[in-house]
Structures are given as C-alpha cells and as structure tokens.
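One structure is given below, encoded as structure tokens.
Because the structure is predicted, anything quoted here is derived from the model rather than measured.
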Amino acid sequence: MSHKSVVCNYHRNTDHKQLNYLKALIAGEKAISSTEVMHRYQISSTTSIYRSKAVLIKNDILDNKAGEISFQDPIYAYWLKTEYFAK
C-alpha cells in the first residue's frame, strides 16, 4: 500500500473534532485545553479533547508514550501540515 493511500485512509476515518485537535497538535500547541487554544481551533470542550485523543490513539494515528503525544506516521503529520491545513 502506498503512503498516499495510507494517508487517505487515516483522513477519511477522522471527524472534524479530531481534525481540530490534530491541527492544534501540528501547530505545536502545548496547552490545548486552555480557553484561548480551544477557541482558536474550535474545540468545544476538554471532554472533546479527551475523546478525540482517545479515538486517535485507538485508531493508531497517535501514540501516547509517557504522556507525550506524537504521530505514529510522520508522513501523515507532514501531509496535514503542508497540504490539508495549509489551505
């Protein structure tokens, strides 16, 4: 399977709440649950952050190692940053 098809599969299975959370991660936000960051990325609540993070980890999009969240596939992160969120 090509990287492009893997990226498309990740993206197709990600809803807008999860994408907003990913956008904040890609931007390097550290305090995602702060009111300012939540407003900037249209994240409705801290519960939404928790649920998005849990689903993204369960779906093997993100890793949580020692409390540090990272992308399992750096190509997907790169595509989000340079293509999807760059629009």
Side-chain angles (χ1 to χ4, degrees):
M1 185 180 299
S2 72
H3 272 91
K4 185 173 183 175
S5 61
V6 170
V7 166
C8 289
N9 283 338
Y10 285 157
H11 188 67
R12 196 176 8 254
N13 295 322
T14 308
D15 74 19
H16 77 279
K17 291 177 184 177
Q18 295 161 12
L19 286 169
N20 290 346
Y21 175 73
L22 291 175
K23 187 173 187 177
L25 281 179
I26 290 284
E29 299 288 356
K30 298 296 181 197
I32 294 176
S33 61
S34 74
T35 303
E36 180 183 330
V37 172
M38 288 174 51
H39 179 72
R40 183 180 310 130
Y41 295 97
Q42 299 175 349
I43 298 170
S44 59
S45 67
T46 55
T47 302
S48 176
I49 292 169
Y50 174 79
R51 287 182 181 154
S52 292
K53 186 178 0 178
V55 169
L56 291 164
I57 290 168
K58 181 180 179 221
N59 290 340
D60 295 325
I61 294 172
L62 296 178
D63 268 334
N64 184 2
K65 293 182 181 171
E68 194 69 30
I69 302 296
S70 63
F71 282 84
Q72 282 198 10
D73 184 349
I75 292 173
Y76 182 53
Y78 178 79
W79 178 81
L80 285 172
K81 185 175 186 173
T82 62
E83 298 292 328
Y84 187 76
F85 294 137
K87 296 175 185 179

Under 4.5 Å between any side-chain heavy atoms of [X] and [Y], yes or no?
X	Y	value
I61	V55	no
Y41	Y21	no
L22	F71	yes
D63	I69	no

Kindly say whether I49 contributes a backbone atom to a donor-acceptor pair with the side chain of S52 at under 3.5 angstrom? no
Does the T82 side chain pair with the main chain of Y78, one donor and one acceptor, at a distance under 3.5 Å? yes
Might you point out which heavy atoms bring [X] and [Y] nearest each other, and give the distance in Å?
X	Y	result
S44	S48	OG-CB, 3.7 Å
Y76	L19	OH-CD2, 4.4 Å
A86	K81	CB-O, 3.7 Å
Q72	D60	OE1-O, 3.1 Å
A77	I26	O-CD1, 3.4 Å

Is the OH atom of Y50 crowded by more than 12 outside heavy atoms at less than 6.0 Å? no
Would you please test L80 and L25 for side chain to side chain contact (heavy atoms under 4.5 Å, CB included) and show each step? CA-CA 11 Å; L80 285 172; L25 281 179; over 6 Å; no
Salt bridge (charged side-chain N to carboxylate O under 4.0 Å, His left out) for E29 and K23? Distances and angles first, verdict last. CA-CA 9 Å; E29 299 288 356; K23 187 173 187 177; over 6 Å; no
Roughly how far, to the nearest 0.5 Å, is CG of L56 from NZ of K17? 13.0 Å
